[in-house]
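Read the numbers this way: they start at 1 and go in the same order the structure lists the ligands and their atoms. Residues: numbered from 1 along the sequence shown. Side-chain atoms are counted along with the backbone in the values below, which use heavy atoms only and exclude waters and symmetry mates.
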Amino acid sequence: MTRVKALGYLGIGVSDMAAWEEFANDVLGLATTQRASDGPVRFTMDDHDARIVAHPSGEDDILYAGWEVDDAAEVEGMAERLRAAGETVAAGSTEEVSARGVEKLIYCEDPDGIRTEIYCGPARSGNGGFQSPAGVSGFVTGDQGFGHIALGTSDPDAKLDFYRNKLGLLLSDHIHLSAGPDATMTATFFHCNPRHHTLAIVPAPLPKKLHHFMLLTESLDDVGRALDIAASREVPLASALGRHTNDHMVSFYLFTPSGFEVEFGWGGLEIDDSTWQLKEYDGISLWGHHRVAGP
Ligand code: FE2
């Protein structure tokens with residue numbers, strides 16, 4: 001059955017475009033590929049034209065997620081799958097297809113109203129390699145997409161059903177989190193390619209739909225240098241350096257100019273779905289990730 005293969009791009013609505021461009025370029029090391037006057041700014045981290053797109057629409061939250069499939073037939077296959085599951089699916093207009101720089105595009109909404117786009121044929125720069133303005137040696141992308149996202153929700157059943165049974169994401173594991181003195185809640189992690197997880201669902205109505213997005217670097221030194229840059233620029237740290245239990249990633253979390261977080265990491269586990277066994281954990285970190293600020 002057709003299913004999505006990678007999380008290829010992320011659209012965010014922001015209130016302070018100048019702050020975002022400086023943060024993306026100088027702290028995260030993403031390169032600006034296009035800046036429309038009073039319009040979106042597109043950032044890349046590899047040979048794609050756009051991995052993160054900031055729109056000056058003021059929500060300071062996720063606007064859309066772009067899920068990649070192999071070709072136009074698979075885009076149609078996903079449209080059929082989603083419609084058969086009761087979703088309202090529309091084809092992207094000529095303007096939308098052009099704006100995203102893709103070959104073909106359909107979309108629907110997830111249970112929390114996040115525009116969920118399925119596409120094929122992303123535009124690539126082909127100009128001989130990505131150069132990070134902050135000196136990041138490289139990001140792990142390719143068939144693993146741009147990274148991962150973590151979403152909160154007040155309707156976990158619908159959210160899990162949408163991503164697992166409708167988009168076709170595959171279960172990686174669960175982490176049982178403390179949610180007060182006598183309460184726990186279970187976060188669910190999904191993969192759709194060798195990246196251990198491309199999506200995490202937190203079963204709680206968080207202040208923003210997007211809790212964080214994650215970028216994975218090629219080198220541990222990239223993570224250390226980003227920590228130094230963030231400290232020198234007094235970017236607020238949300239969680240200190242640590243290593244996750246489930247994907248073994250060494251990472252830290254910053255608050256973005258929009259208030260949601262970005263996880264910046266190295267060393268994420270790659271898995272093979274044909275042999276992967278569902279796992280359960282009682283904590284998110286082997287060490288570190290001590291909360292510095294925020295909820
Ligand atoms: Fe994460």
Exercise for the section: Kindly write out the residues that satisfy ring pair (Phe, Tyr, Trp, His ring centres under 6.0 Å) with F23, not counting sequence neighbours, or none if the list is empty. Expected result: W20
Problem - Between F252 and H289, ring centroids under 6.0 Å - result: no
Exercise for the section: Confirm or rule out an N/O/S atom of H148, from backbone or side chain, lying less than 2.8 Å from the Fe ion (ligand 1). Expected result: yes
Handout entry: Close side-chain approach of V4 and E68, heavy atoms under 4.5 Å
Key = no
Practice task
Verify the ring-centre separation between F189 and H174: is it less than 6.0 angstrom?
Solution key: no
Practice task
Return the name of the atom in E263, of element N, O or S, nearest to the Fe ion (ligand 1).
Solution key: OE1
Exercise for the section: Please find out if the Fe ion (ligand 1) and some N, O or S atom of H212 are separated by less than 2.8 Å. Expected result: yes
